[in-house]
2 protein chains.
Amino acid sequence: MRLTTKGRYAVTAMLDLAIHAGKGPVSLADISERQGISLSYLEQLFAKLRRNELVRSVRGPGGGYQLNREQRDINVAQVIDAVNESVDATGCGHTGSCQDGSICLTHHLWCDLSSQIHDFLSQITLADLMERSDVRSVAKRQDREHSSAFEDSLISAKVTA
Amino acid sequence: MRLTTKGRYAVTAMLDLAIHAGKGPVSLADISERQGISLSYLEQLFAKLRRNELVRSVRGPGGGYQLNREQRDINVAQVIDAVNESVDATGCGHTGSCQDGSICLTHHLWCDLSSQIHDFLSQITLADLMERSDVRSVAKRQDREHSSAFEDSLISAKVTA
DNA sequence: CTAATAGTTGACTAAAATAGTCGGTTATTG
DNA sequence: CAATAACCGACTATTTTAGTCAACTATTAG
């Protein structure tokens with residue numbers, strides 16, 4: 001089992017997408033700047049998120065990504081699974097062939113732990129995270145710090161209008 | 001956060017130690033054979049377990065390792081921590097400096113997850129695992145399969161006697 | 001005393017995963 | 001047509017995992 005920046009980045013980016021929804025698609029460049037994640041790396045992650053039908057894309061200018069389901073219908077476990085290929089704590093992938101064909105001494109312990117983690121993460125949806133005060137305050141800070149991008153979009157909106 | 005064979009091996013080896021306690025120290029060679037873990041790798045892991053005062057060693061013939069505390073007083077989280085340096089799901093080690101000095105959008109989520117995992121694993125002691133029927137049956141199977149080692153020691157005992 | 005046993009230590013290594021980078025292609029919009 | 005932004009594949013440095021190997025030390029049986 002592994003939970004590294006890959007899974008954390010994916011959840012963070014999905015939450016950013018949820019927060020900035022409503023004003024059309026969100027570009028990876030915006031997410032990259034706000035969340036401090038490499039653009040190229042985001043591309044890799046979003047390829048997986050799209051394959052797992054958690055997001056949909058819009059190409060061309062003004063394009064970007066949007067959530068492909070309601071915020072209530074996307075949970076953290078799904079996002080991590082999409083990029084990480086499962087949060088399994090067993091060494092055998094639940095097959096029970098950890099020690100030459102049979103189960104090892106601690107097989108059931110790791111099964112229990114896997115369930116525990118999966119249950120916890122699958123109960124938390126993007127909508128839940130959106131409601132949290134700590135998330136809201138960090139999001140507010142990020143929007144303030146990276147308002148340049150916001151202003152730029154205002155300017156281009158004026159220009160194009 | 002990472003939970004790989006390293007942590008699993010450590011818990012498995014500690015449980016093996018608990019199961020075969022009472023008949024004097026248990027050698028790493030025995031654990032290696034029963035649990036199918038490389039002897040040299042076990043040496044590395046037990047160096048850490050000893051530094052963390054979870055086991056004590058007896059050198060020389062008939063030597064090996066013993067638990068350094070009661071089975072009730074050793075939990076799974078302690079064992080994993082000893083070899084893995086913590087089961088932390090945050091990227092910042094709980095310092096809160098995930099995004100250039102401030103917390104990232106999902107910081108508290110990973111803190112919550114870390115607590116969840118730690119609470120779960122720290123509630124399970126070696127004594128708890130010993131009582132489980134699945135553990136007892138796997139242990140019985142392993143003792144049966146590797147009785148050769150036991151017989152060998154009987155034979156060599158006869159020869160040297 | 002000595003031979004065997006078994007822990008102790010440190011250095012080394014192959015393979016995999018992480019966390020990216022880079023260059024180019026394709027679709028869309030103005 | 002030019003700019004934008006998603007898409008794709010190949011490449012890479014670094015770290016971790018999961019070991020191996022060789023040498024050394026302490027202890028015990030005989």
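Quantities reported herein were computed from a predicted structural model and do not represent experimental measurements. Proteins come first, then strands; the chains are lettered A, B, ... in the order of their sequence lines, and each starts at number 1.
At a non-hydrogen distance threshold of 4.0 Å, B/Glu43, B/Arg50 from residues 42-53 of chain B come into contact with DNA chain C. Near DNA chain D, defined here as any heavy-atom distance below 4.0 Å, the residues from residues 3-12 of chain B are B/Thr4, B/Thr5, B/Lys6, B/Tyr9, listed numerically. Within residues 57-68 of chain A, the residues that place at least one heavy atom under 4.0 Å from DNA chain C are, in residue-number order, A/Arg59, A/Gly60, A/Pro61. Listed by residue number, there are no residues of residues 97-114 of chain A with a heavy-atom contact under 4.0 Å to DNA chain C.
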task: Applying side chain to side chain contact (heavy atoms under 4.5 Å, CB included), run through A/Cys92 and A/Gln99 and close with a yes or a no.
output: CA-CA 9 Å; A/Cys92 57; A/Gln99 197 183 1; over 6 Å; no
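Between A/Arg50 and A/Tyr65, the closest side-chain pair of non-hydrogen atoms falls below 4.5 Å.
Across all their heavy atoms, A/Ala82 and A/Leu54 have their closest contact at CB-CD1, 3.9 Å. Shown here for B/Gln71 and B/Leu67, the closest heavy-atom pair between the two residues is CG-CD1, 3.8 Å.
Counting only residues at least two apart or in different chains, salt bridge (charged side-chain N to carboxylate O under 4.0 Å, His left out) contacts with residues 52-72 of chain A comprise A/Arg72-A/Asp128, A/Arg72-A/Glu131. Residue pairs meeting the salt bridge (charged side-chain N to carboxylate O under 4.0 Å, His left out) criterion with at least one member in residues 92-121 of chain B, sequence neighbours excluded: A/Arg132-B/Asp112.
Between A/Ile37 atom CD1 and C/dG20 atom C1' the separation is 12 Å, expressed in whole Å.
Dashed line: the shortest gap from a side-chain N or O of A/Ser38 to OP1 or OP2 of C/dA19 is not under 4.0 Å.
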